[in-house]
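Keep in mind that the numbers below use all heavy atoms, side chains included, and drop hydrogens, waters and symmetry copies.
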Amino acid sequence: MNSISRRVYEELVQQLGQLRIRGNRHKVALFAPLTIDPSISIDHQLTVVDTEQSRFAFNLMFERNNPESEWRLVTPLKFTE
């Protein structure tokens, strides 16, 4: 099973809360840099911005009950610290 750090998860949920999304499900694409710095954890190098210096890493699916409720992760991942 894949994993994601709680910090990255919380940042993504915070960003989703700021967007004006009408639906109750939303897919977020994450991108990794083409050249990965081994001294930095891969979680800290992931971004939602696609540039010429990045490549697609994976999608995360989020959902909520209604537009006023909080987003929650649907993609099965373990949380790391």
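The two residues Ala32 and Ala57 come nearest to each other via the heavy atoms N-CB, 4.1 Å. Between Glu52 and Leu34, the closest heavy-atom pair is O-CD1, 3.6 Å. The minimum heavy-atom distance between Phe56 and Ala29, with the atom names listed, is CE1-CB, 4.0 Å. In terms of heavy atoms, Leu60 sits closest to Leu77 at CD2-CD1, 3.4 Å. Residue Arg22 comes nearest to Pro67 through the heavy atom pair O-CG, 4.4 Å, listed as atom of the first residue, atom of the second, then distance.
Side chains of Phe31 and Arg55 form no contact here, defined as non-hydrogen atoms less than 4.5 Å apart. Residues Arg6 and Thr80 form no side-chain contact, since every pair of their non-hydrogen atoms from C-beta on lies 4.5 Å or further apart. Put simply, the side chain of Arg64 reaches to within 4.5 Å of the side chain of Ser69, judged on heavy atoms.
Here the side chain of Ser54 pairs no donor or acceptor atom with the backbone of Asp50 at under 3.5 angstrom.
When each of Thr75, Leu73, Val48 is paired with Val28, the side chain to side chain contact (heavy atoms under 4.5 Å, CB included) condition holds for Val48 and for no other.
Taking Glu63 as the reference, Arg25, Arg72 meet the salt bridge (Lys or Arg N to Asp or Glu O under 4.0 Å) condition, with sequence neighbours excluded. With sequence neighbours left out, Phe62 forms a ring pair (Phe, Tyr, Trp, His ring centres under 6.0 Å) with no residue at all.
In this structure, the separation between OG on Ser5 and NZ on Lys78 is 14.0 Å, given to the nearest 0.5 Å. Rounding to the nearest 0.5 angstrom, the gap separating the CZ atom in Arg7 from the CG atom in Leu12 is 9.5 Å.
Hydrophobic clustering (ILVMFWY, side-chain heavy atoms < 4.5 Å, transitive): Met61 and Phe79 are in distinct clusters. The same ILVMFWY cluster, assembled from side-chain heavy atoms under 4.5 Å apart, contains both Phe58 and Val8. The hydrophobic cluster containing Val74 does not contain Leu19, counting ILVMFWY residues as joined when their side-chain heavy atoms lie under 4.5 angstrom apart, directly or transitively.
Taking a 6.0 Å sphere around CD of Glu70, one finds it holds 12 or fewer heavy atoms contributed by other residues, nucleotides or ligands.
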